[in-house]
Amino acid sequence: MFEPVRGKPDFPALERSIAAIWRDGGIYRKSLERRRGAKRFVFYEGPPTANGMPHPGHCLTRTIKDLYPRYRTMRGEYCERKAGWDTHGLPVEVEVCKELGIHSKAEIEAYGVEPFIHKCQESVWRYMREWETLTERIGFWIDLSQAYVTYHRRFVESVWWALATLFDQGLLYQGHKIVWWWAQGGTALSSGEVGQGYREVADPSVYVAFPLLDDEGQPTRRSLVAWTTTPWTLPSNQFAAVKADLAYVVLREAGVADAPEYVIAEPLAATLGEKLKMSFDIVDHMPGTALVGRSYAPPFDTFRAAGRPPVAPLAAGGEAPVAWRVVAADFVTTDSGTGIVHVAPAFGEVDYTVLIAEQARFAAGHGPTLVNCVAPDGTFTDAFGMGSGRFVKECDRDITRDIKARGLLVHQEQYVHDYPFCWRADADPLIQYPRQSWFIRTSQFREQMLANNARIDWLPEHIKDGRFGNFLETNVDWALSRERYWGTPLPIWVCDETGKMEALPSYAAILAKPGVAGIDVFERAKAADPSLSDDLRVHKPYIDAVTYDSPFAKNARMRRVPEVIDCWFDSGAMPFAQWGWPHAGDAEFKAQFPADFISEAIDQTRGWFYSQLAISTLLFGCEATPYPHPFKTCIVLGHMLGEDGQKMSKSRRNYREPAEIFDKYGADALRWFFLAGQPPWTSIRYSERAIRESVPEFLLRLWNVYSFFAIYARIDGFDPASLLATPGSLDHADLACAKGWTPVADRGELDRWMLSEVHATAAEMVERLDRYDHFGAAQRLSTLVDAVSNWFVRRSRDRFWAAGRADAGPGGNRDKLDAYWTLYETLLTIARLAAPFVPFVTEAIWQNLAVAAFGASAPESVHLTDYPLGDATLVDADLVRRMALVRDVASLGRAARAAEKLKVRQPLSKVEVILAAASPTDEAWLAAHADLVCDELNVKQFEICREPDRYITRSVLPDLKKLGPRLGKDLPKARDALAKADAAALLAALAADGRATIPLTGGGAAVIEKEDVIVRTTAREGWAAAESPHAVVVVASQLTPELVAEGLVREVVHAIQSQRKTLDLDFTDRITLGFETPSAELRGALERHLAYVTGETLAESAVFAELPGATSESLDLDGHPLTIHVKT
RNA sequence: GCGCGCGUAGCUCAGUUGGUUAGAGCGCCACCCUGAUAAGGUGGAGGUCCCAAGUUCGAAUCUUGGCGCGCGCACCA
């Protein structure tokens, strides 16, 4: 028997009890066991970092990541869900630094790398409990116990294998480049990391005069005007660049003969005048080529003494000044600035290319060398005394002031632009800086990556060629190394004699080396502190101590390079590293590669989506493993916004904590909001209001139907277990074995309709979910629940309340039994259809309807059943269409009443229906449902209208879709002709011949066939009528005295029912009634219908007198005063 | 600057290969129902489908150009 169901569900409490059932029953494990050996559905978990608190965005990803594995499992596939944690990198180090109150690398070194690493490892698990709680609370089924962890030795060694493989293929190289440098953190960052840190800031923008030199090396009155937004790079100036084919002019303040002269690109001359609010005379013209080769005085003498510029021999013979010369460069534009670019090769990538090009012009070893007065920590060295020891950006103001004092500052303003800051320490601006760094040659694989990408199924589709494709197009080599501490160490050892290198793929490979030493450093640490994790063996500083004999030189040693790697490489390696492959887990890796499905938010395009694709493409190519890999389908989620539509931010407090939502509305409410509220790739506004409002339309409605069923099934003793010995999986076929089961074909129409809707919905949902369209599937499901609640249950109430036992035997009420079976099957099916979406409430329903009813012989959990595919033989499309027509007619009837202010309580004599498209079968069918329509509309008589022309006019419209292609330009004429034509005559002609000819204005004629037109029916004025595209419904608005009397009586019943409710009576409580009214009409009506009144209100008696001790209410019914006394 | 996405009712959003009267939910107003009931239903008001030009017999839908918002990219010296 079913358990009683409370009418007011407490979803959060319910969910906690369901979670306990899953936990205690090991249901997740059983759901896997059930599919062992089946086709695999491969899912990869993109590892979150557990050292930050989970937020609403994670709830969305976890909901989507849960939905599809649950669904595919119910569809019969085997889907392992291995959790993972991202544990390395700057986020962790920065967090630890904050805790220790330190910031710079020097401070970390002072604190000690060893204890620092220990702190990092502990910090990784800081919010583990919150993550685990969230995961269980939102119903995300994933195996946390087998989670991969990027700092684990097994994982690190997999990454080592990948790096060694790339190194051996020459794809991992060390290069001297200008990199984006986090000075405070002392490391370079990858383009992905840099991209995350751009922010709009106002920087100083200065126009600086570079005086041209005369033959003696003395400054002249004429200066180049260069523009920069980084004054701190001026002390390291080496060149000035112009565009060769650009026109330049020399400006002098108008009318001042001895004023300074400025060289500037002609198109920008006017702009400079405006900025300076001065008028200039143009005193000279020249092309860029004329300037090339001229020497100038740099703004600072950091690297150059005053006087004649130093010269050096050229490769081609002769000699030339080494630096502080004008050079030609293509990157010079007139978009902004002056057309003359200050070149500081140390601090800009293009600047650096100028230096390389210049070096090539000079005899080997004589060209310009890179000058740089900035230390790696971002402070000026002693070479630039003015700023020595201070952070460069802080010196901008002093440098500008100094230039101004020396008369070299032409103009100064604020320049607003985007500038990168460190993504984990957002107060630290990045600078471009020359640095030796390790790179992966990803740019060499651009075409392969694009080919791989082309095969991936991206949702939404535009990601493929849009954002992600573009990112691949502009691919640059992956700046892999980090001069940091907590990360996967770069497994490259260098010969301290020859500088030759080799990469090692595993710890075992190190141990196998001759003369290996330094292993003991970790062993000693472990002996001193046995709690030390063995995983740290492969981390700094222990791994740095490990050295071995060089194979390249006698008596030389191999020592590891100091760098660790970008943590994005770790997560990108997870497809194989999660198993420790190739050192372990060969079978697992082969079975679980590539993934069928992954999903993360859009910010992962440059993150995890890219790192996975790049690593996989480089390592596995396309021969052994055809594209796409390592993932086939990827749902890219939109960004989550706060209540105000702005980015979620802790400080702005514009979002509720997930825990708060769970406690108030429950996880299912949140899941349904995410899944059914909008397509997943739109940015979702996470508002409490929206979540709250999503509850009644689906969850509560479903619950109400379920509760309705349980209440009456208990009252009637409908017990499926007593009628069905072996429940099987409670499919339609299983239920059909029940005693007293009526085959669907023999059931009443409403039942056939309901099951038709159920099975059609199932089929549609499967089709949509197979396309990863959960939003569409959810909408379909919502429509179904609405149909059950607002039509099946509504129209079946009488059946459930009818007399007699729900029994197929003699004396039983078979129709009632059918109603129960229909609703039972419907609810069981909906529970399964909705299970991947709202796993808790569906489980609660299943636990009662299946488990409580059948005990151990039924599937233990809804998640251990098969997903309903829909039985096409039970779908009757015609019935569905016609039922929609009845609902339409009922709805129109109510609209017609409303238009005449005739409330439904007032009975009317007749309703007449005119179908837009005359169909004898539909009319017959409607006529057969006269009772239903009369009941819904409270009318006495239903009729298909015999004289439609009284109520309606018809017009004939062209079917544009059919006639458009055929008539083309003549279409408007045809439309006019049809509008003017006599509709009745035209229709008659079409009915008789199947075609008709209409004249076109301006000559000609068109032949119209029956199928080419649409007939529209419009209600005439003056009738209580309402129309839809399918029908016109007219209600008779005339009232007879008897109808009025009945209406009054129903008003009285309504009033009494309201009083019962006010008195908080149970629906079985009996009452006695007393009426007092001076209206003979009302009294007469009541007397005539007294039996009806007492029956409806469960009254044992009714008198026309005051009832002592009764609750009384006086009211006025359409001008008839009445006092009602109710006594319990 | 370049690229991607989005602009539809007061709010949040649907809108299928271009087609006749552009929809839903919430909110609002009115009404109804009441043996699921601190629920439920019906109806109504509310729209220059961001703007403009073009293609077409016909554009919310396709093209181009603007405007606005969000995001991304980075040789902005």
Side-chain angles (χ1 to χ4, degrees), chain A residues 5 7-8 191 194-195 198 226-230 233 241 329-333 335-338 340-344 347-351 353 415 417-420 460 462-463 465-471 473-474 602-603 605-606 638-639 641 645 647 677-679 681-683 685 687 689-690 693-694 696-697 700-701 703-712 775-776 779 782 789-790 793-794 797 800-801 890-891 893-895 897-899 901 903-905 957-965 967-975 1014 1016 1026 1028-1029 1054 1057-1058 1061 1066-1068 1098:
Chain A
V5 176
K8 262 196 317 176
S191 60
V194 175
Y198 275 89
W227 177 62
T228 182
T229 54
T230 50
T233 62
D330 284 337
F331 59 78
V332 178
T333 66
D335 295 342
S336 57
T338 61
I340 297 171
V341 176
H342 144 65
V343 177
F347 309 113
E349 211 171 309
V350 286
D351 305 50
T353 63
Y415 185 73
H417 64 157
D418 288 328
Y419 194 86
H462 62 75
I463 298 288
D465 295 319
R467 189 162 295 200
F468 195 71
N470 286 342
F471 181 67
E473 298 274 4
T474 60
I602 188 150
D603 52 309
T605 37
R606 285 165 316 152
H639 261 134
L641 306 172
K647 237 183 188 159
Q678 55 277 305
W681 42 80
T682 54
S683 43
R685 195 184 292 197
S687 82
R689 189 177 65 88
E693 285 170 357
S694 80
E697 75 181 34
L700 200 53
R701 197 175 276 171
W703 187 269
N704 280 337
V705 174
Y706 158 61
S707 140
F708 176 90
F709 172 81
I711 288 169
Y712 291 104
F775 175 60
Q779 290 190 320
S782 197
S789 173
N790 292 324
V793 170
R794 176 189 163 97
R797 279 176 169 141
F800 291 107
W801 302 331
S891 172
R894 280 189 287 265
R897 297 187 72 114
K901 301 224 183 306
K903 52 178 77 167
V904 181
R905 273 199 294 271
L957 295 171
D959 185 337
L960 299 174
K961 257 185 173 165
K962 294 207 176 90
L963 284 175
L967 297 182
K969 283 192 202 303
D970 286 336
L971 192 67
K973 294 180 195 164
R975 197 206 310 243
I1014 293 167
R1016 182 178 303 160
S1028 78
H1054 174 62
Q1057 301 288 28
S1058 303
K1061 196 163 154 187
D1066 196 78
F1067 71 78
T1068 50
L1098 292 184

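Only this structure's heavy atoms are used, side chains among them; waters, hydrogens and symmetry mates stay out. Model, not experiment: these values are computed from the prediction. Naming convention: chains lettered A, B, ... in sequence-line order (proteins, then strands); numbering from 1 in each chain.
Under the ring-ring contact (aromatic ring centres under 6.0 Å, His included) criterion, Phe800(A) pairs with Phe708(A), Tyr820(A), sequence neighbours left out. Looking at residues two or more places apart in sequence or on another chain, you find a side-chain hydrogen bond (donor to acceptor under 3.5 Å, both in side chains) between Thr228(A) and Thr230(A). Under the side-chain hydrogen bond (donor to acceptor under 3.5 Å, both in side chains) criterion, Ser707(A) pairs with no residue, sequence neighbours left out. Applying the salt bridge (charged side-chain N to carboxylate O under 4.0 Å, His left out) rule to Arg467(A) yields no partners; only residues at least two apart in sequence or on another chain are considered. In this view, Trp681(A) satisfies the side-chain hydrogen bond (donor to acceptor under 3.5 Å, both in side chains) rule with no residue, not counting sequence neighbours. Residues meeting the salt bridge (charged side-chain N to carboxylate O under 4.0 Å, His left out) test with Arg794(A), sequence neighbours left out: Glu936(A). Checked against side-chain hydrogen bond (donor to acceptor under 3.5 Å, both in side chains), Asn790(A) has the following partners two or more places apart in sequence or in another chain: Asp786(A).
For G41(B), the OP1/OP2 oxygens have a side-chain nitrogen or oxygen of Asn790(A) closer than 4.0 Å. The phosphate of G35(B) (OP1 or OP2) has no side-chain N or O of Tyr712(A) nearer than 4.0 angstrom.
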Collect all protein-nucleotide pairs involving nucleotides 3-7 of chain B in which both atoms are nitrogen or oxygen and the distance is under 3.5 Å.
from	atom 1	to	atom 2	distance (Å)
G3(B)	O2'	Asn470(A)	ND2	2.3
C4(B)	O2	Arg467(A)	NH2	3.2

ask   = What string of B, S and - do you get for nucleotides 11-17 of chain B 5' to 3' if you count protein non-hydrogen atoms under 4.0 Å?
value = SSSS--B
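Shown here, G70(B) forms a base pair with C4(B); the pair counts as Watson-Crick or G-U wobble because both key distances fall under 3.5 Å.
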